[in-house]
2 protein chains.
Amino acid sequence: MAVANAAVKIPLDVPVVEKRVRNRAATQQAILDAAKRLLAEEGFQNFGINAVARGAGCDKQLIYRYYGGLDGLVEAIGTDLGSWVADRIPDDTGGMFLLTYGDLMERLSLLFLDALRADPLMRRIVAWEVSESSEQVRRLSEARSKALAGWIERMRGSLVPPKGVDAQAVNAMIFAAIQHIVLASAVSDQCAGLALKNSKDWEKAATALKRIVRGVYG
Amino acid sequence: MAVANAAVKIPLDVPVVEKRVRNRAATQQAILDAAKRLLAEEGFQNFGINAVARGAGCDKQLIYRYYGGLDGLVEAIGTDLGSWVADRIPDDTGGMFLLTYGDLMERLSLLFLDALRADPLMRRIVAWEVSESSEQVRRLSEARSKALAGWIERMRGSLVPPKGVDAQAVNAMIFAAIQHIVLASAVSDQCAGLALKNSKDWEKAATALKRIVRGVYG
DNA sequence: CCAATCTGTCACCGGGCGGTGAATAGCAGG
DNA sequence: CCTGCTATTCACCGCCCGGTGACAGATTGG
């Protein structure tokens with residue numbers, strides 16, 4: 001009797017289980033948010049349909065319906081990336097007068113360094129880019145580099161690099177260095193023997209970066 | 001009759017199916033080779049017990065027996081990494097007299113760039129390092145950086161960096177740049193807008209690298 | 001010659017994956 | 001009220017993964 005009683009006990013909290021509202025737009029957004037969160041926190045390794053659906057608290061079928069599968073979802077993330085740059089990296093010169101190309105590049109380098117350090121999603125995407133060459137990640141990579149190039153172009157204004165220096169190649173090296181050092185720090189707190197834990201370490205890194213930029217551009 | 005005849009036909013080549021010789025050492029080596037090949041060619045993403053066993057042409061059970069699982073196998077790869085540096089990167093100065101620290105770093109940078117470009121396994125490992133922070137990859141990373149540091153130390157000789165420059169930080173930046181640019185080129189033929197396909201592109205990259213080194217160390 | 005040992009193989013397990021077809025629950029308009 | 005329509009869920013598939021226990025063939029030592 002007691003057992004039966006317990007079995008038929010009115011479930012007090014079952015009706016409270018907040019029912020998912022029927023709202024396609026909201027669900028779509030929830031899926032996109034879950035995808036970005038998952039990618040940022042767990043990385044691309046365990047990034048899949050099931051995981052995203054679990055994270056969004058809905059059925060994976062909806063991902064197929066609303067985004068046409070993982071590919072479409074990744075593409076949607078890529079589209080978001082455009083607005084990212086605008087949000088995360090200041091577009092003005094911070095009140096500075098950038099007299100020389102060297103001034104500009106020093107500032108851009110440090111801004112990019114900080115922005116990348118502060119954004120786990122972006123870091124995961126960069127790591128993904130250098131680990132896989134699928135169509136998925138190629139599009140993501142393209143969106144990222146386009147947004148970045150646009151930002152640099154906007155900041156550049158009318159400044160031109162000094163003659164005799166292949167600015168494109170040198171800048172690629174500098175940005176490569178920033179990306180790699182930030183990626184390395186995110187997984188192992190160091191890079192090539194250089195510690196990258198506390199803010200003091202990062203001061204050293206920033207100083208080295210400035211020195212490199214100044215060494216090239218004066 | 002004809003059918004029966006065909007069915008009982010003496011199998012001419014069946015006895016020829018080269019039987020796997022019973023040789024533990026050889027099998028162990030085959031497994032290790034298969035693991036390195038697989039990692040180099042396919043990357044760490046699909047690197048697993050089943051794939052290695054398939055590649056080595058033996059049962060996965062043997063991997064457990066001889067290496068104690070994937071972890072032990074990865075560790076064995078790491079051990080091999082020590083000899084890698086000695087094989088791939090010349091230990092002498094190539095007949096050059098390295099008068100200054102700048103000379104040294106320029107040469108080391110270019111050597112490292114070429115060595116990394118030529119070694120897919122090493123590239124995959126670096127990509128792995130920045131994508132995951134498991135114990136497995138941490139050990140691998142350690143072996144790699146130790147080998148690299150040893151090589152640099154040996155090459156350095158008695159040369160010392162100029163005063164007023166944080167050589168450790170600057171060098172970390174330079175090596176980070178090299179690693180990232182090589183990784184990027186391996187998956188997408190470009191990095192931050194800089195094409196990295198033909199040898200002419202790489203000439204430009206090398207020139208930029210030299211310019212950076214010289215800008216810092218003179 | 002037999003028994004122990006070593007190398008190698010096979011079959012099987014549970015579980016998570018990506019993917020799909022069918023059912024269900026809430027909302028509109030008549 | 002019923003009838004569609006749409007958002008959402010469920011149940012199921014085949015596949016491959018890592019991992020394990022039992023077995024078979026060769027080798028060796030007493």
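As the structure is a computational prediction, the values presented were derived from the model and not from experiment. Residue numbers begin at 1 in each chain, while the letters A, B, ... track the order of the sequences.
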Q: Find the distance L38(B):CG to dC17(D):P and express it as a whole number of Å.
A: 11 Å
**Q.** Minimum-distance nucleotide (side-chain atoms of D59(A) versus dT20(C), dC10(D), dG19(D))
**A.** dC10(D)
**Q.** Euclidean distance, atom CD of residue E42(A) to atom P of dC17(C) [Å, nearest integer]
**A.** 12 Å
Q. Any idea which of dG18(C), dC10(D), dG18(D) is nearest the Q61(A) side chain?
A. dC10(D)
Q. Tell me: CD of Q29(A) to C1' of dA7(D), nearest whole Å?
A. 17 Å
Q: May I ask you to say what L62(B) touches in the nucleic acid, namely base, sugar-phosphate or nothing, with a heavy-atom cut-off under 4.0 Å?
A: base
Q: Find the distance Y67(B):OH to dG19(D):P and express it as a whole number of Å.
A: 17 Å
Q) Rounded to whole angstroms, how far apart are CZ on R24(B) and C1' on dT27(D)? A) 15 Å
Q: Find which nucleotide of DNA chain C each of Y66(B) and G69(A) is nearest to by heavy atoms, and output the residue with the more 5' nucleotide.
A: Y66(B)
Q.
Does R22(B) reach a base, just sugar-phosphate, or nothing at all? Heavy atoms under 4.0 Å.
A. base
Q) So does T27(A) get a side-chain nitrogen or oxygen closer than 4.0 Å to the phosphate oxygens (OP1/OP2) of dT8(D)? A) yes
Q. Does N23(A) or R54(B) map to a spot on DNA chain D nearer the 5' end, using the closest nucleotide for each?
A. N23(A)
**Q.** Integer-rounded Å distance: dC13(C) C1' and K60(B) NZ
**A.** 10 Å
Q: Give a yes or no on this: more than 12 heavy atoms of other residues, nucleotides or ligands lie within 6.0 Å of atom CG of N46(A).
A: no
Q) Can you check the Y64(B) OH to dT20(D) C1' distance for me, whole Å? A) 9 Å
Q | Closest-nucleotide ordering on DNA chain C, the 5'-leading residue of N50(A) and R65(A) | A | N50(A)
Q | Salt-bridge present (E203(B), K200(B); N to O < 4.0 Å) | A | no
Q. Residues two or more places apart in sequence or in another chain: which of them pass ring pair (Phe, Tyr, Trp, His ring centres under 6.0 Å) with Y64(A)?
A. none
Q) With sequence neighbours left out, which residue pairs that include part of residues 122-136 of chain B fulfil the salt bridge (charged side-chain N to carboxylate O under 4.0 Å, His left out) condition? A) E129(B)-R144(B), E135(B)-R138(B), E135(B)-R139(B)
Q. F112(A) vs F175(A) aromatic rings, parallel, tilted or perpendicular, using cut-offs 30° and 60°?
A. tilted
Q) To the nearest Å, how far apart are L70(A) CG and dC17(C) P? A) 12 Å
